[in-house]
Enquirer: 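Provided herewith is a single structure, encoded as structure tokens, for subsequent inquiry.
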Amino acid sequence: MRKMGRSVITAAICSLGLIGPLAAQSSDGQAAPKTRAEVRIEQKEFVRTHVWDEAAGNWVLKPGFRPPEGVKSREEIRAARDSFMKGNRWNEEMSRWEPISGPPRDISRLTRAEVRRETAAFLKTHRWDYEKDAYVEVKPR
């Protein structure tokens, strides 16, 4: 009886050992995961073109390098944010953005505290969508 129990367990383990690799091979046409060598090459290329900015707390493109094709620069993303802020004003009481009637406002005339407050409100209500290549409004829950 004991030998039969062991043989059943052994057979189950062996069958799982054979089925596992077969199940791992998907036939649905998905791309294979990157190999270690591919990841190392990407990492070396990234470190060659970027430097860690301690003050900002993120990776920054080194001078003389351009961002990859199709990726907007920080300046372009900031310009999109600033164009929104020129035409809208944050209403603290209503906790929402309101369009400005008349000509767009000059953001450079705002105080630093006003710019920080409106930028914080903007980042709470909007996020950068990489597929649309633009800021999109975050829907409240």
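These values consider heavy atoms only, across backbone and side chains, with no hydrogens, waters or symmetry-generated copies.
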Enquirer: Under the criterion ring-ring contact (aromatic ring centres under 6.0 Å, His included), I'd like the reasoning laid out for Phe84 against Phe122: C-alpha separation, chi angles, the key distance, then a yes or no.
Expert: CA-CA 9 Å; Phe84 177 85; Phe122 180 79; 5.3 Å; yes
Enquirer: Do Tyr135 and Ile100 belong to the same hydrophobic cluster, where Ile, Leu, Val, Met, Phe, Trp and Tyr are linked whenever their side-chain heavy atoms lie under 4.5 Å apart, directly or via other members?
Expert: no
Enquirer: Taking all heavy atoms of Glu38 and all of Lys34, pick out the closest pair and write down the distance.
Expert: OE1-CA, 3.1 Å
Enquirer: For Val138, what are the other residues in its hydrophobic cluster, where any two members join if their side-chain heavy atoms are less than 4.5 angstrom apart?
Expert: none
Enquirer: What donor-acceptor contacts under 3.5 angstrom involve side-chain atoms of residues 54-66, with partners at least two apart or in another chain?
Expert:
residue : atom : partner : partner atom : Å
Glu54   : OE1  : Trp52   : NE1          : 3.2
Lys62   : NZ   : Val47   : O            : 3.4
Lys62   : NZ   : Arg48   : O            : 3.3

Enquirer: Working to the nearest 0.5 angstrom, can you tell me the gap between Arg89 CZ and Leu110 CG?
Expert: 8.0 Å
Enquirer: Under a 4.5 Å cut-off applied to non-hydrogen side-chain atoms, are Asp133 and Trp128 in contact?
Expert: yes
Enquirer: How long is the straight-line distance from CZ of Arg81 back to CD of Glu118, given to the nearest 0.5 Å?
Expert: 10.5 Å
Enquirer: Quick one: CD on Glu92 to CZ on Arg117, what's the gap to the nearest 0.5 Å?
Expert: 7.0 Å
Enquirer: Rounded to the nearest 0.5 Å, what's the gap from NE2 on His50 to CD on Glu45? Could you check?
Expert: 9.5 Å
Enquirer: Side chains of His126 and Trp97, heavy atoms from C-beta outward: is any pair under 4.5 Å?
Expert: yes
Enquirer: Nearest 0.5 Å please: distance from the CD1 atom of Ile107 over to the OG1 atom of Thr119.
Expert: 8.0 Å
Enquirer: Taking Glu114 first and then Arg105, would you say they form a salt bridge - that is, a charged N and a carboxylate O separated by under 4.0 Å?
Expert: no
